[in-house]
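In what follows, a structure is listed as structure tokens, so that the remarks can point back to it.
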Number of protein chains: 2
Amino acid sequence: MLTIGSLGKKTGTKVQTVRYYEQIGLMPEPGRTEGGQRRYGDAEVDRLSFIRHARQLGFPLEAIRELLDLSDNPDRSCHEADSIARRQLKQVELRMDRLKALRTELKRMIHECSGGNTADCKVLEVLRDHSECLTDHDEIGA
Amino acid sequence: MLTIGSLGKKTGTKVQTVRYYEQIGLMPEPGRTEGGQRRYGDAEVDRLSFIRHARQLGFPLEAIRELLDLSDNPDRSCHEADSIARRQLKQVELRMDRLKALRTELKRMIHECSGGNTADCKVLEVLRDHSECLTDHDEIGA
DNA sequence: CTTGAACCTCTAGCAGCTAGAACATTTAGA
DNA sequence: TCTAAATGTTCTAGCTGCTAGAGGTTCAAG
């Protein structure tokens with residue numbers, strides 16, 4: 001039986017985060033000691049590892065909720081899990097594309113820095129002038 | 001003289017966002033009509049364009065605040081602006097590296113989907129088993 | 001002068017945690 | 001057995017960068 005602290009250490013999760021996952025129903029309510037402290041078993045270690053691993057892959061918590069749900073019902077179709085993963089891959093590729101465009105423009109900005117005072121600073125100039133800009137008026141590369 | 005709505009349209013910014021920028025002091029308090037509505041001039045269009053452009057490049061609002069500050073004081077060194085931009089470029093490259101690793105693992109996951117039921121779903125299996133994982137216990141690819 | 005679009009302020013919400021206050025429990029050493 | 005430190009508890013509020021909604025006012029066209 002593990003305390004919340006050792007569970008956290010085992011899975012690379014902060015204590016607060018574990019409690020947060022419990023609060024939003026991603027982790028089950030665990031057993032408690034007489035004094036009211038949480039105690040965890042192997043199943044919880046596995047579940048939390050699963051969650052953290054998925055988070056590291058960028059899955060949003062709602063997607064993880066679905067994946068856990070699929071995992072709890074072994075008779076449901078694998079395709080559902082597959083399509084969640086594919087959706088996630090699309091997101092990742094979209095973000096990569098945006099970041100690539102940003103990097104290009106940032107490099108251009110920096111390359112032209114003359115080293116004088118801000119009056120003729122290329123960095124500021126590029127930010128001021130939107131006309132040569134490659135990025136569109138869309139979302140932000142987050 | 002522009003209303004907040006036309007300022008928004010000109011710069012690709014939502015009305016609420018303009019007011020938010022004013023609230024946090026990124027945009028100045030504009031003049032008002034007798035009835036209390038905001039009216040903007042060219043200077044504000046420029047300033048807001050600058051902000052939006054920088055946002056599209058992923059600069060956090062605090063960095064933008066610094067950049068605007070530099071822009072307002074033309075005698076200060078260009079190197080400060082340059083180093084802010086370089087910092088931002090580093091961030092972008094860091095994120096790209098992380099996304100690349102994520103993409104690799106996601107692709108691996110998806111490739112192995114057998115199409116049966118979730119009991120032997122590779123996607124879920126990969127998430128369950130952390131041992132082959134390329135990503136470390138660090139931050140999340142946001 | 002009326003109408004309807006655009007404006008106003010204020011509050012609360014989103015993701016996904018993180019931090020702090022103020023207190024209780026557990027555990028190891030003396 | 002007692003005590004002190006480490007770890008646990010709940011609760012509330014904060015972070016970034018907006019976004020949405022309620023409930024009301026102003027403006028400009030016809």
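A note on names: the letters A, B, ... follow the listed sequences, proteins ahead of strands, and every chain is numbered from 1.
- Taking atom CG on B:Leu7 and atom P on C:dC7, their separation rounds to 10 Å, with Å as the unit.
- Taking 4.0 angstrom as the limit, A:Tyr21 places a side-chain polar atom (N or O) nearer than this to OP1 or OP2 of C:dC17.
- Considering only side-chain N and O atoms, B:Thr3 lies under 4.0 angstrom from the phosphate OP1 or OP2 of C:dC7.
- By the side chain to side chain donor-acceptor pair (under 3.5 Å) test, A:Glu80 is found to be paired with A:Arg76, residues two or more places apart in sequence or in another chain being considered.
- Between the CD1 atom of B:Ile4 and the C1' atom of D:dC27 there is a distance of 15 Å, rounded to whole Å.
- Under the side chain to side chain donor-acceptor pair (under 3.5 Å) criterion, B:Tyr20 pairs with no residue at all, not counting sequence neighbours.
- If you check C:dC7, D:dT9, D:dC18 against the side chain of A:Arg19, the one that comes closest is D:dT9.
- Residues passing the side chain to side chain donor-acceptor pair (under 3.5 Å) test with B:Thr17, sequence neighbours excluded: none.
- Residue-level contact check: B:Phe59 touches neither bases nor backbone, having no heavy atom under 4.0 Å from any strand.
- As a whole-Å value, the separation of B:Ile24 CD1 from D:dC15 P is 12 Å.
- Among C:dC7, D:dG17, C:dC17, the nucleotide with an atom closest to any side-chain atom of A:Leu61 is C:dC17.
- Every residue two or more places apart in sequence or in another chain was checked for a salt bridge (charged side-chain N to carboxylate O under 4.0 Å, His left out) with A:Arg39, and none qualifies.
- Straight-line distance from the CD atom of A:Gln23 to the P atom of D:dT10: 10 Å, rounded to whole Å.
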Can you pull every protein N or O that's under 3.5 Å from an N or O on nucleotides 18-20 of chain C?
from: C:dT18; atom 1: OP2; to: A:Thr17; atom 2: OG1; distance (Å): 3.1
from: C:dA19; atom 1: N7; to: A:Gln16; atom 2: NE2; distance (Å): 2.9

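- In terms of the side-chain contact (heavy atoms from CB on, under 4.5 Å) criterion, residue partners of B:Ala54 (sequence neighbours excluded) are, by chain and number, A:Leu127, B:Phe59, B:Ile64.
- Checked by atom type and distance alone, the side chain of A:Ser49 pairs as donor or acceptor with a backbone atom of A:Val45 at under 3.5 Å.
- For A:Arg55 and C:dA15, the shortest distance from a side-chain N or O to OP1 or OP2 is not below 4.0 Å.
- Take B:Glu66 and apply the side-chain contact (heavy atoms from CB on, under 4.5 Å) test, not counting sequence neighbours, and it matches B:Ile84, B:Arg87.
- Listed by chain and residue number, B:Asp72 satisfy the salt bridge (charged side-chain N to carboxylate O under 4.0 Å, His left out) test with B:Arg47 (two or more places apart in sequence, or in another chain).
- Atom CD of A:Glu62 and atom P of C:dC14 are 11 Å apart (whole Å).
- Separating the CG atom in A:Leu106 from the CZ atom in B:Arg86 is a distance of 11.0 Å, to the nearest 0.5 Å.
- Rounded to an integer number of Å, the gap from B:Lys9 NZ to C:dC7 C1' is 13 Å.
- Of all the residues in residues 27-48 of chain A, A:Thr33, A:Gly35, A:Gln37 reach under 4.0 Å from DNA chain C with at least one non-hydrogen atom.
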